[in-house]
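Since the structure comes first, as structure tokens, the remarks are kept for the end.
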Number of protein chains: 2
Amino acid sequence: MPSSLQVCAAELLDSVLLVMQAIRVEMRSRRTPDLTIPQFRALIFINRLPGGTLSELAENVGLTTPSMSKMIEGLVGKGLVRRESCAQDRRRVNLTLTASGRALLEQARGGSQQALAQRLSSLPVQERQSLVQAMRSLARVFSSEEAPPSAREAKRNVRPLKTVSPKRTGR
Amino acid sequence: MPSSLQVCAAELLDSVLLVMQAIRVEMRSRRTPDLTIPQFRALIFINRLPGGTLSELAENVGLTTPSMSKMIEGLVGKGLVRRESCAQDRRRVNLTLTASGRALLEQARGGSQQALAQRLSSLPVQERQSLVQAMRSLARVFSSEEAPPSAREAKRNVRPLKTVSPKRTGR
DNA sequence: TATTGTTATACTCTATAACTATA
DNA sequence: TATAGTTATAGAGTATAACAATA
């Protein structure tokens, strides 16, 4: 049944966009919108892999290294991230969260989680349990460190292949 | 079991962020990054509710009306959206997709869907079926037109309540 | 010479404030 | 007077290009 895969992907796409919107609304609704979503994702990454480098982070979040360097500069300035040059290779930097960074991450995550929980509360318990199982399947498939080859290649090679850069800036 | 709801929300949050990242990577990887994600979401909304107004769209996507006005100006310029003043109330505008707009939306959606399908292909069929069910539960809970009261109130009221606007611009 | 990260510069997105047109 | 949308202006985010420091 070849359509099953496409149907599944379509349903996933729709639902993820819907849920993501709820997360955005929640993040915007805070009195102090402490974090942008890219910053949120950066903190999540650093928290998950402390001591990672700028390049790794940039690739994961999907920014160029100059942009990420600037973002990190801001986060260091706010005391959320610690940036230390690596002992073995002094060109690199090691990124870790400060206590404030961890606290803010937990707060942001908690707020989003709370907003989702409110919506989910209207689901029957059984459906919630199924949902948890499904989310774990998703996490397994999407969190693999090696991204699908096509995506990675495309991401790396698309720019060099272009002869005239169409000035696609600022997302 | 009160923790179950929180666990569910936490799993959902993690997974949605992961999947969203895959979608972003895919959209960025195109030769011609035709649409930003906010533009993508605007087209989705207009497609779902043709004839909607600028304010409705802005609220749904989560932009101010001036920002949305500018975005629409661009989309109209590209021939993707049709903007007509409303007959009953000539202050309002009715937004609809052009044929090109629908085509581009389908293309963008298809690309994202394809990227997701590639990841999902490694899931056993049974897990995919469970996933589809779970996504339908999610869609049911998150697509309700009346957003949870707290979120809507927060969104509307937070700015007027502030005495000193902390210049939170540019997301 | 190659690689990691930063600085310089420019452009896009989005916001707030002020305005126009209509109700 | 209140409301829908636009225009004016400014700030934040991100990109490309050029550079500095280290390997």
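Letters go in sequence order (proteins before strands), and every chain restarts at 1. In this text the structure is predicted, and so the values were computed from the model without any measurement.
With distances taken from any side-chain atom of B/D89 to the nucleotides D/dA15, C/dA23, D/dG5, the minimum falls on C/dA23. Taking every side-chain heavy atom of B/S69 into account, D/dT6 is the closest of D/dT6, C/dA2, C/dT14. Among the nucleotides D/dT16, C/dT4, C/dT14, the one closest to any side-chain atom of A/T64 is D/dT16. Among the nucleotides D/dG5, C/dT6, D/dT9, the one closest to any side-chain atom of B/V93 is D/dG5. With distances taken from any side-chain atom of A/P66 to the nucleotides C/dA15, D/dG13, D/dA17, the minimum falls on D/dA17. Proximity note for A/S55 (side chain, C-beta onward) versus D/dT6, D/dA4, C/dT4: the nearest is C/dT4. Here the nucleotide nearest the side chain of B/T36, chosen from C/dC13, C/dG5, D/dA4, is C/dC13.
When side chains are defined from C-beta on, A/T98 does not count as touching A/V81, because their heavy atoms never get closer than 4.5 Å. Between B/L57 and B/L63 there is no side-chain heavy-atom pair separated by less than 4.5 Å. Using a 4.5 Å cut-off on side-chain heavy atoms (C-beta onward), B/R41 and B/T36 make no contact. Between B/R128 and A/S4 the shortest side-chain heavy-atom distance falls below 4.5 Å.
One can place CD1 of B/I37 at 13 Å from P of C/dC13, the figure rounded to the nearest angstrom. Rounded to whole Å, the distance from CZ on B/R91 to C1' on C/dC19 is 15 Å. One atom, CD of A/E56, and another, C1' of C/dG5, lie 13 Å apart when rounded to the nearest Å. Atom CD of B/E73 is separated from atom P of C/dT14 by 14 Å (rounded to the nearest Å). Rounded to whole Å, the distance from CG on B/L75 to P on C/dT12 is 15 Å. What separates CG of A/L63 from P of C/dT6 is a distance of 14 Å, to the nearest Å. The CG-P distance, from A/L54 to C/dT4, rounds to 11 Å in whole Å. What separates CD of B/E84 from C1' of D/dA4 is a distance of 17 Å, to the nearest Å.
Remark on DNA chain D: of its neighbouring residues A/M68 and B/S67, the 5'-side contact belongs to B/S67, judged by nearest-heavy-atom nucleotide. Judged by closest nucleotide on DNA chain D, B/T65 is the one of B/K70 and B/T65 placed further toward the 5' end.
For A/R90 against D/dT22, a side-chain-to-base donor-acceptor contact under 3.5 Å is absent.
Connection of A/V19 to B/V132 is not established within any shared hydrophobic cluster, with ILVMFWY side chains joined at heavy-atom distances below 4.5 Å, either directly or through further cluster members.
A/Q88 comes within 4.0 angstrom of the backbone, heavy atoms only, and of no base.
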